[in-house]
Number of protein chains: 2
Amino acid sequence: MQGGLTIGDLAERTGLAVSAIRFYETHGIVQPVRNAGGHRRYGRPDIRRLSFAMIAQKLGFSLSEIAAEMADLPAHQAPSKADWTRVSERMRDGINDRIAQLERLRDRLDGCIGCGCLSLDTCALYNPDDTLAGEGSGPRKLIRD
Amino acid sequence: MQGGLTIGDLAERTGLAVSAIRFYETHGIVQPVRNAGGHRRYGRPDIRRLSFAMIAQKLGFSLSEIAAEMADLPAHQAPSKADWTRVSERMRDGINDRIAQLERLRDRLDGCIGCGCLSLDTCALYNPDDTLAGEGSGPRKLIRD
DNA sequence: TTAGAAATTACACCTGAGTCGAAGGTTGAA
DNA sequence: TTCAACCTTCGACTCAGGTGTAATTTCTAA
């Protein structure tokens, strides 16, 4: 074992699959050192880094966004209380934005219920500035006109 | 042409790519007939069916959900005003659910800002009943304990 | 009639967030 | 020393929602 947690230990402690932890490594979320045999060895702060990433994912952030957020933090070091506060405030703003977007959409839909026009030219639902699914890989072609 | 719109006509009228319309067909959203040469021929109601699908997508529904919704409606027929009202009310309910989910999440996060515990055992963010991304293919392994 | 536009199919490829399996190497306790 | 358990890499596969390409056929207007 010689200093550090194995990937299996980390998987057990975080509930993540071993494969997922390796995958997160490709995104720079954790950066384990290697022992003589080439096996990954993690520090205790990595548990917290992964916990952090898991929560951020639940909040709707992509792995790339999470990695960008974590890049500010020193590798091999757990996010401090101040770090967590700063990042979680940014997260809350993101959630609020999404709520507001959905509310605007719902209000527009309310205006349309019972209308049934579905006209490409006049329907208010056709040209919303904000599209729900900026996430994912939908049709990139925007509806023009 | 002999009766009906070509897939190109439909693409032009809806703003969708021809390839996307064919893809929607595999999901049962439109069901064109074929002419003697094997080309797809659409009716005018299909414009409305596609418009309907595009709006529903914006509202966050998957193609499968949309197809299920459309299955109630007669194929080759435009959704009537009553159909549209019924479906759009269901959609609004879906949006409201998602807003409520996000609000619960935000409230929990608010409770955690400044806490910084990130403890697997005690953090309220770890075991939320509702996960933001029920969509997509995230880690299927749930966090136990 | 004939050029060329538009249609057809089938298959490969893309992102994101992973999972799974094969084939082989390392570790650590008895 | 042995041997199971664990680890390594790499590539393929998943799912959604498509896009792009190739080879071929059909349609339409001059």
Side-chain angles (χ1 to χ4, degrees), chain A residues 1-30 32-42 50 53-54 56-68 131-143, chain B residues 1-30 32-42 50 53-54 56-68 131-143:
Chain A
M1 172 93 45
Q2 27 151 334
L5 299 142
T6 66
I7 195 167
D9 293 336
L10 215 61
E12 205 177 333
R13 271 176 161 71
T14 60
L16 285 165
V18 165
S19 57
I21 298 174
R22 278 192 211 108
F23 186 68
Y24 291 173
E25 185 182 337
T26 69
H27 282 266
I29 288 168
V30 280
V33 294
R34 301 299 181 121
N35 73 355
H39 287 197
R40 293 167 175 86
R41 288 295 178 261
Y42 299 85
L50 287 176
M54 289 162 82
Q57 265 202 301
K58 278 200 185 140
L59 299 181
F61 293 84
S62 71
L63 290 185
S64 303
E65 287 169 326
I66 293 165
T131 300
L132 215 191
E135 332 119 29
S137 51
R140 291 284 163 253
K141 191 173 205 172
L142 289 173
I143 299 151
Chain B
M1 172 93 45
Q2 28 151 329
L5 299 140
T6 67
I7 196 166
D9 293 337
L10 215 61
E12 206 177 332
R13 273 179 161 70
T14 59
L16 286 165
V18 165
S19 55
I21 297 174
R22 280 194 208 106
F23 186 69
Y24 290 172
E25 184 182 337
T26 69
H27 282 267
I29 288 167
V30 280
V33 293
R34 302 296 182 123
N35 73 355
H39 287 198
R40 291 166 177 85
R41 288 296 177 260
Y42 299 86
L50 287 177
M54 290 161 81
Q57 265 202 299
K58 278 201 184 140
L59 300 181
F61 293 85
S62 71
L63 290 185
S64 303
E65 288 169 326
I66 293 165
T131 301
L132 215 190
E135 331 118 31
S137 52
R140 290 283 163 254
K141 191 173 205 173
L142 287 173
I143 299 151

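Values in this document were obtained by computation on a predicted structure and should not be read as measured data. Just so we're on the same page: letters track the sequence lines, and every chain starts at 1.
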Point to revise | Given DNA chain C, 5'-ward residue of the pair His27(A) and Gly38(A), judged by closest heavy atom | key: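 Final value for this comparison: His27(A).
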Measure the [atom1]-[atom2] distance between [X] and [Y] for me, rounded to the nearest 0.5 Å.
X	Y	atom1	atom2	result
Ile21(B)	Ile29(B)	CD1	CD1	11.5 Å
Arg22(B)	Ser19(B)	CZ	OG	7.0 Å
Arg41(A)	Asp9(A)	CZ	CG	8.0 Å

Nearest-angstrom distance from the residue atom [atom1] of [X] to [atom2] of [N]:
X	N	atom1	atom2	value
Leu5(B)	dT28(D)	CG	P	13 Å
Ile7(A)	dG18(C)	CD1	C1'	13 Å
Arg22(B)	dT19(D)	CZ	P	11 Å
Ile21(B)	dT19(D)	CD1	C1'	14 Å
Glu25(A)	dC10(D)	CD	C1'	15 Å
Ile66(B)	dA16(D)	CD1	C1'	12 Å
Phe23(A)	dT9(D)	CZ	P	15 Å
Leu63(B)	dG17(D)	CG	P	4 Å

Check your understanding: Do Ile66(A) and Tyr24(A) have side-chain heavy atoms sitting under 4.5 Å apart?
Key ->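 No, too far: nothing below the 4.5 Å cut-off.
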Point to revise | Asn35(B) side chain near Arg40(B) side chain, heavy-atom distance below 4.5 Å | key: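 Asn35(B) vs Arg40(B): side chains apart.
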[N], OP1 or OP2 - any side-chain N/O from [X] closer than 4.0 Å?
X	N	value
Tyr24(B)	dG18(D)	yes
Arg34(B)	dT9(C)	yes
Ser19(B)	dT19(D)	yes
Arg40(B)	dA7(C)	no
Asn35(B)	dC27(D)	yes
Gln57(B)	dG18(D)	yes
Thr6(A)	dT27(C)	no

Review point. Out of dC7(D), dA7(C), dG18(D), which nucleotide sits closest to the side chain of His39(A)?
Key: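 Among the listed nucleotides, the one closest to the side chain of His39(A) is dC7(D).
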